[in-house]
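To start, the structure under review is shown below, and the notes come after it.
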Amino acid sequence: MKKETFDITGMTCSSCSAHIEKAVNKMEGVNNAAVSLMSNSMTVEYDESKLNDGSIIKTVENQGYGASVKGKEAAPVKKDDEADGMKWRMIISFLFLIPHMYVSMGHMVGLPVPKIFHDPFVFAFTQMLLTLPVMYINRNYFEVGFKSLLRGSPNMDSLIAVGSSSAFIYGVVVMYRIGGSMAMGDMHMAMEHAMDLYFESASMILTLITMGKFLEARSKGKTKEAIQSLMDLSPKTAVIKVDGEERTVPVEEIKIGDIIVVRPGGAIPCDGEIVSGSASIDEAAITGESMPVSKTVCDKVIGATINKDGYFEFRADKVGEDTTLSQIIKLVNEAADSKAPIAKIADKVSGVFVPVVITLAVIATAVWLILGYGVSFALSIGISILVISCPCALGLATPVAIMVGTGMGAKNGILIKSAAALETAHNIDTIVLDKTGTITVGEPRVTDIITFEGYDQGTLIKETAAIEQMSEHPLSRAIVEKAKETGIQIGQCDEFETVTGKGVTGIVDGHRFVIGNDKLMAEHGVDISSATEIQSRFAEEGKTPLYCGKDGVIVGVIAMADVIKQTSPAAIREFKNMGIKTVMLTGDNKKVAEAIRAKVGVDEARAELLPMDKERIIKEMQEQGAKVAMIGDGINDAPALTRADVGIAIGAGTDVAIESADIVLIKSDLVDASGAVKLSKAVMKNIKENLFWAFFYNTLFIPIAAGMFYPIFGLKLNPMFGAAAMSLSSVCVVTNALRLRFFKNNVSENK
């Protein structure tokens, strides 16, 4: 079986991708085909003995779309180019729509209209001229819409094409009626016909839909930026040792087996194993581990992690595409391509509504012809059905609700990057959370101070801070921060020394202090047996103890931990109130994870995970039928954020996490994640209501448009009713969407 990725062009909605997927999966020899609307790509697994790339491309082209093997031939339209093109289409459309609305509707609201437009033919002809550029600039809707219609799979573009074309054709027919009436000298009838025009409907449909498509295109496809940010993490050069001499080379030239030198503050260029030296390495970017990890000879190191202090040399074991970072990039790519596109409600409706309306129009026209009412009468009935049935408000139903919803989200600290995320979030039944920086603050804080030998806590913090201020280690900064919080004047330190991976030493006021782990205490002969019970308790609580020795005697223990954010328990409680399961995934050890889980009330916790593990777990949940949202803040969360049905990033997190996510919590407050789900539910309810109002008035008048009451009551559709129905449905949709402005993220007080 061969697996190939293709670039696809011409897709505009989820029914397009579904149609391509269905066609390719029907091909003999295809095991599986998956089309991603998000990345405009298709991955196909097929039997090479039965198929080749060319036949697959031919099948896609037969459906009316473009295809090429990824990396070959024509590249797909870039997302930013797509958004720019849509932006200009929108601007040009509005430039013609605004004067069009002035000419057609100005007199209705008392605006001064030039006398030349009092002539009915000039009035109609001007409107037609203003409509033609809008139709031309948005001709893609007609090309795709009518093709889809002919293939028997109508989509949103089909609805736009049929509706705007019907309105335009009807307007042209009316123009001939105006001309005929004027030729017979019947100006009164000509003026009546002039009120029968639907040119502005065609322009409005196309312009509003283009505006919605522009907003969609602008927010679509952040994966490429996320991948670029991931690539930027890796250093561009490395220092390798050859025959005892150091030489700087581009990372691309590193070969397996090369000895690489890493100094304090340097980034590790690839994966490998330490052969000499030791260091304290910040692996938070890859593993999510909140504390720097001590590494020495024979320990593994990971590319793109940072050497906080210490000097070491390591042997390159994995280079290029085999490194952990490259695997993360690959996962982000794959997760983006495999994410199922959201089926748009409007497309589902149009799939049924459009063929029904067209069929009804054809039948009604035929019936009136058979009854002998003439071609003009029958044609007017058919076009009237299409015009009155075309729900102009459908173009507003979804985008207006989404625009108001995303605006309210931003006001509440919730940045929603795509309409798809807003649509998907209301179905979420499982929330997966990162620990470090998401549930917790993301940096160590002093939690406990235990003293011996009659020491008081203030003195212990003052003396240890005098030494720790000389170090850049996160634990050292936590002690210094604690001293500043309590207003203690920090003293001076002499003979400061860092012992990599163990702690620090120094002299304060003539006394030798040793601050660090149990290994450092043993090296300096400090007996810590009296603190054994304390150490065990701290370990159970997920805290890191720092022993403090003074002149060879233990005088205290300072405990550190990545403390829980104040709002985290309330956020978890909100998810439970909504019936959503919560799962915490972390790179930290099991004791820390269990301690945090118990404190915040998370349903389940899994620890000591790598980025690949998080992504794999989410995939397994999805395969079991769960709708999963992932909340994280680190680079290590990027694959999981992209794999999840909805990725939610903490605003204070890394750029990669934010770019990989669908929703960003600007205030870095976990409570806002529950607000995002509530907002999604409110918006989806609003959209469904909007769709009702978009069709209600139009479908109400279909029997009248069809002439069902003409033989009995002589009642035929008055075009003014048609115009009123379209306008009223649009007003209802906009008014209903504006109710979302009252959305508030209220947090329940239930414990």
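Predicted, not measured: the structure shown is a model, and the values here were computed from it.
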Within 6.0 angstrom of K681 NZ, more than 12 heavy atoms from elsewhere: yes

Test item: F6 and S41 side chains (from C-beta on) under 4.5 Å apart, heavy atoms: no

Listed partners of E45 passing side-chain hydrogen bond (donor to acceptor under 3.5 Å, both in side chains), at least two apart: N31

side-chain hydrogen bond (donor to acceptor under 3.5 Å, both in side chains) partners of D47, counting only residues at least two apart: S49

Audit row: F94, T207, side-chain contact (heavy atoms from CB on, under 4.5 Å) steps and yes/no: CA-CA 7 Å; F94 270 112; T207 303; 3.7 Å; yes

Chi angles and distances behind the side-chain contact (heavy atoms from CB on, under 4.5 Å) call for R139, R89: CA-CA 10 Å; R139 62 190 178 279; R89 278 172 56 184; over 6 Å; no

Interatomic distance, D186 atom CG to R177 atom CZ [nearest 0.5 angstrom]: 13.5 Å

Euclidean distance, D7 CG relative to I57 CD1, rounded to 0.5 Å: 10.0 Å

Point-to-point distance, once rounded to the nearest 0.5 Å, from CG of L206 to CG of N140: 11.0 Å

Separation of E21 CD from T43 OG1 (nearest 0.5 Å): 10.0 Å

Pairwise distance CG(N736) to NZ(K688) - rounded to 0.5 angstrom: 13.5 Å

Non-neighbouring partners of Q622 that pass side-chain hydrogen bond (donor to acceptor under 3.5 Å, both in side chains), sequence neighbours left out: D645

Contact check, side chains of V69 and E4, non-hydrogen atoms, under 4.5 Å: yes

Test item: S680 side-chain N/O and H426 main-chain N/O as donor-acceptor pair under 3.5 Å: yes

L111 CG to Y102 OH distance, which is reported to the nearest 0.5 Å: 5.0 Å

For T430, side-chain hydrogen bond (donor to acceptor under 3.5 Å, both in side chains) partners two or more places apart: none

Y710 vs I704, side-chain contact (heavy atoms from CB on, under 4.5 Å): CA-CA, chis, key distance, verdict: CA-CA 8 Å; Y710 185 77; I704 302 173; over 6 Å; no

Side-chain (W368) to main-chain (G707) donor-acceptor, under 3.5 angstrom: no

Only distances under 3.5 Å count here; give the side-chain donor-acceptor pairs of residues 121-137 to other protein atoms, sequence neighbours excluded, each with its distance to 0.1 Å.
{"unit_1": "T126", "atom_1": "OG1", "unit_2": "V122", "atom_2": "O", "d": "2.7"}
{"unit_1": "Q127", "atom_1": "OE1", "unit_2": "H100", "atom_2": "NE2", "d": "3.2"}
{"unit_1": "T131", "atom_1": "OG1", "unit_2": "Q127", "atom_2": "O", "d": "2.7"}

Qualifying residues under salt bridge (charged side-chain N to carboxylate O under 4.0 Å, His left out), relative to K22, sequence neighbours excluded: none

Test applied, ring pair (Phe, Tyr, Trp, His ring centres under 6.0 Å); reference residue, F199; option that passes from Y170, F168, F96: F168

Any side-chain donor near an acceptor of the partner, N52 and S55, under 3.5 Å: yes

